[in-house]
2 protein chains.
Amino acid sequence: MPSKRPSPSPAPDATEDKPRAAERIRRTARELFYREGIRAIGVEEIVSQAGVTKPSLYRSYASKDELAAEYLRDYEAAFWEVFEAGAQVHPGDARAQLMAYFEGLAQRATQSGYRGCGLTNAVVEYPGDEHPARRVALTHKRKLRARLVDLSAAMGARQPAQLADGLLLLLEGAYASGQLFGRGGPAASLVTVAEQLIDASLR
Amino acid sequence: MPSKRPSPSPAPDATEDKPRAAERIRRTARELFYREGIRAIGVEEIVSQAGVTKPSLYRSYASKDELAAEYLRDYEAAFWEVFEAGAQVHPGDARAQLMAYFEGLAQRATQSGYRGCGLTNAVVEYPGDEHPARRVALTHKRKLRARLVDLSAAMGARQPAQLADGLLLLLEGAYASGQLFGRGGPAASLVTVAEQLIDASLR
DNA sequence: TGACGATGTTACCGATCGGTACGTATGATC
DNA sequence: GATCATACGTACCGATCGGTAACATCGTCA
């Protein structure tokens with residue numbers, strides 16, 4: 001939570017009005033949390049890699065859990081940017097837009113070292129309903145499901161909700177199997193399978 | 001003297017030749033690791049819930065990591081038992097056998113509190129290639145993929161490997177989305193979607 | 001019985017965890 | 001130069017982590 005007073009004069013260099021250290025912590029946390037997992041990374045390692053110290057972390061973030069939640073908010077913003085990128089390339093074509101994302105995902109999820117979806121991973125790491133990171137992730141997934149229903153309806157599916165569920169299963173399946181198999185994993189068939197499913201859902 | 005098992009000299013009561021405490025630890029670890037995650041559970045909590053103490057754990061298991069690997073071996077055995085259960089109900093019918101498992105999974109994955117696949121979760125928790133638990137999980141997933149190829153071939157799919165990939169994506173998607181959405185999640189459509197995919201892959 | 005090996009218990013280890021009290025450097029304003 | 005707010009670092013906290021040494025207890029067989 002950047003609940004800091006907007007510094008009037010000293011105006012740091014970052015795009016925000018936060019201290020410089022906070023931004024470095026944020027970017028470092030994003031990378032480490034995603035690559036290694038939230039539970040696996042201690043705050044000491046974050047500040048060490050960021051080149052700052054712990055008090056600098058706790059001046060901008062209330063706790064490690066809150067920093068994790070902030071990481072997921074960043075992750076979600078980046079996700080939507082990629083997900084909706086196809087809308088500009090294929091305006092008015094819901095199917096092409098979605099498939100554009102699927103093609104990119106199939107690429108990424110079949111590289112070795114792929115780590116899946118940071119939001120899904122966080123839910124796996126924190127089963128307890130109270131954790132702030134989990135809250136962010138669950139809210140996002142509900143939004144994603146709703147968006148898929150809209151896209152499915154725009155494609156002309158007989159039962160948009162059902163097609164959306166199928167697409168969501170494939171999505172999450174690609175995230176997971178990407179971690180499980182790396183290069184040459186089942187996500188290589190993601191696009192073909194999705195096309196079959198969409199075709200079957202249109203009648 | 002009375003009812004004795006064919007245990008050599010040191011004859012405990014368990015079904016195995018391991019100490020009684022080891023079996024209690026194993027069952028407790030299985031439940032706690034699955035429900036809360038491996039990283040989230042300390043050895044202290046395991047032995048406490050099992051009603052034993054730490055040295056009893058370390059006499060039967062080399063480390064927490066090894067106990068986690070053992071947990072996953074148990075989990076895998078239980079998985080195959082469920083997965084192959086349909087083979088006896090529908091002998092010679094690969095499609096019916098697979099769908100029997102899918103139906104059960106769709107049920108479980110749409111209950112609130114569902115925690116997904118313990119093997120997949122372990123891979124999410126331990127991204128490092130060296131962890132024994134991850135090794136067990138990855139080996140199992142490769143076996144599962146091969147088994148799905150066999151089943152797809154038995155169904156008469158034009159491209160068995162591709163259908164197997166699609167089914168695996170749906171499987172893993174059900175595991176993940178079950179955790180993300182709980183009751184009423186996308187896994188409710190798992191069976192219908194799988195049927196559509198299989199139909200489209202035959203012809 | 002006495003001895004022995006296996007199992008269980010008490011009490012503790014160093015390392016690391018997330019988090020904080022408190023002093024220090026800097027830069028603008030008067 | 002004195003003042004003050006802001007940003008950052010040094011050094012430390014209690015709690016918990018995984019793991020272990022030393023001792024007590026039990027079952028079995030000579």
Side-chain angles (χ1 to χ4, degrees), chain A residues 1-14 16-26 28-29 32-33 36-71 125-126 131-133, chain B residues 1-14 16-26 28-29 32-33 36-71 125-126 131-133:
Chain A
M1 285 305 183
S3 60
K4 279 299 178 192
R5 300 276 304 154
S7 23
S9 327
D13 53 357
E16 303 233 356
D17 57 343
K18 296 215 281 184
R20 301 196 321 262
E23 204 52 35
R24 307 197 51 176
I25 290 167
R26 200 155 122 161
T28 307
L32 291 180
F33 280 160
E36 306 289 337
I38 299 173
R39 290 199 117 113
I41 293 296
V43 292
E44 182 62 48
E45 190 158 354
I46 294 174
V47 297
S48 160
Q49 295 245 3
V52 298
T53 54
K54 271 197 273 188
S56 290
L57 191 160
Y58 285 98
R59 253 174 237 119
S60 298
Y61 305 95
S63 63
K64 183 198 175 183
D65 290 351
E66 272 306 324
L67 176 60
E70 192 74 3
Y71 145 60
E125 286 200 271
Y126 294 97
H131 199 283
Chain B
M1 245 66 81
S3 60
K4 263 293 174 272
R5 286 297 177 79
S7 4
S9 317
D13 53 359
E16 303 232 358
D17 58 342
K18 295 222 270 181
R20 302 196 332 261
E23 203 52 37
R24 307 196 51 177
I25 290 168
R26 201 154 121 158
T28 306
L32 291 179
F33 279 159
E36 307 288 338
I38 299 172
R39 290 199 118 112
I41 293 297
V43 292
E44 182 61 48
E45 190 158 355
I46 294 174
V47 297
S48 159
Q49 295 243 3
V52 297
T53 54
K54 272 196 276 186
S56 291
L57 192 159
Y58 284 98
R59 262 191 283 271
S60 296
Y61 304 95
S63 63
K64 184 197 175 184
D65 290 351
E66 272 305 324
L67 176 61
E70 191 74 4
Y71 145 60
E125 285 200 270
Y126 294 97
H131 199 284

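All heavy atoms count here, side chains included; hydrogens, waters and symmetry mates do not. Here is how names work: the chains are called A, B, and so on, in the same order as the sequence lines, proteins then strands, and each is numbered from 1.
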Expressed as a whole number of angstroms, how long is the span from I46(A):CD1 to dT16(C):C1'? 15 Å

Quick check on dG19(D): is either OP1 or OP2 less than 4.0 Å from any side-chain nitrogen or oxygen of Y58(B)? yes

Length of the line joining I25(B):CD1 and dG19(D):C1', which is rounded to integer Å: 14 Å

With respect to the side chain of E44(B), which nucleotide from dC8(D), dC17(D), dT20(C) is positioned closest? dC17(D)

Heavy-atom closest pair (K64(B) atom, I38(B) atom, distance to 0.1 Å) is NZ-O, 3.0 Å

Measure the distance from CZ on R20(A) to C1' on dG27(C) and round it to the nearest whole Å. 12 Å

Could you tell me the separation between the CG atom of L57(A) and the P atom of dG19(C), rounded to a whole number of Å? 9 Å

Separation of dG19(D) atom C1' from D65(B) atom CG, nearest Å, is 12 Å

Check the pair E70(A) / R26(A) against salt bridge (charged side-chain N to carboxylate O under 4.0 Å, His left out), numbers first and verdict last. CA-CA 8 Å; E70(A) 192 74 3; R26(A) 200 155 122 161; 3.0 Å; yes

When we call it a touch if two heavy atoms are under 4.0 Å apart, what does I41(B) touch: a base, just sugar-phosphate, or nothing? sugar-phosphate

Donor-acceptor pair, side chain of R39(B) and main chain of R39(A), under 3.5 angstrom: no

In whole angstroms, how far is the P atom of dG19(D) from the CG atom of L67(B)? 10 Å

Along DNA chain D (nearest heavy atom to each residue), the more 5'-positioned of G51(A) and K54(B): G51(A)

Atom CD of E36(A) to atom P of dC17(C): distance rounded to whole Å? 13 Å

Between the side-chain atoms of R59(B) and the base atoms of dT9(C), is any donor-acceptor pair under 3.5 Å? yes

Closer than 3.5 angstrom, by distance alone: can the side chain of E66(B) be matched with the main-chain N or O of P132(B) as a donor-acceptor pair? no

Starting at the 5' end of DNA chain D and moving along, which residue's nearest nucleotide shows up first, K64(B) or P55(B)? K64(B)

Does the side chain of I46(A) reach to within under 4.5 Å of the side chain of L67(A), using non-hydrogen atoms? yes

Distance in angstrom units between E45(B) CD and dC17(D) P, rounded: 8 Å

Contact class for T53(A) (heavy atom, under 4.0 Å): base, sugar-phosphate, or nothing? base

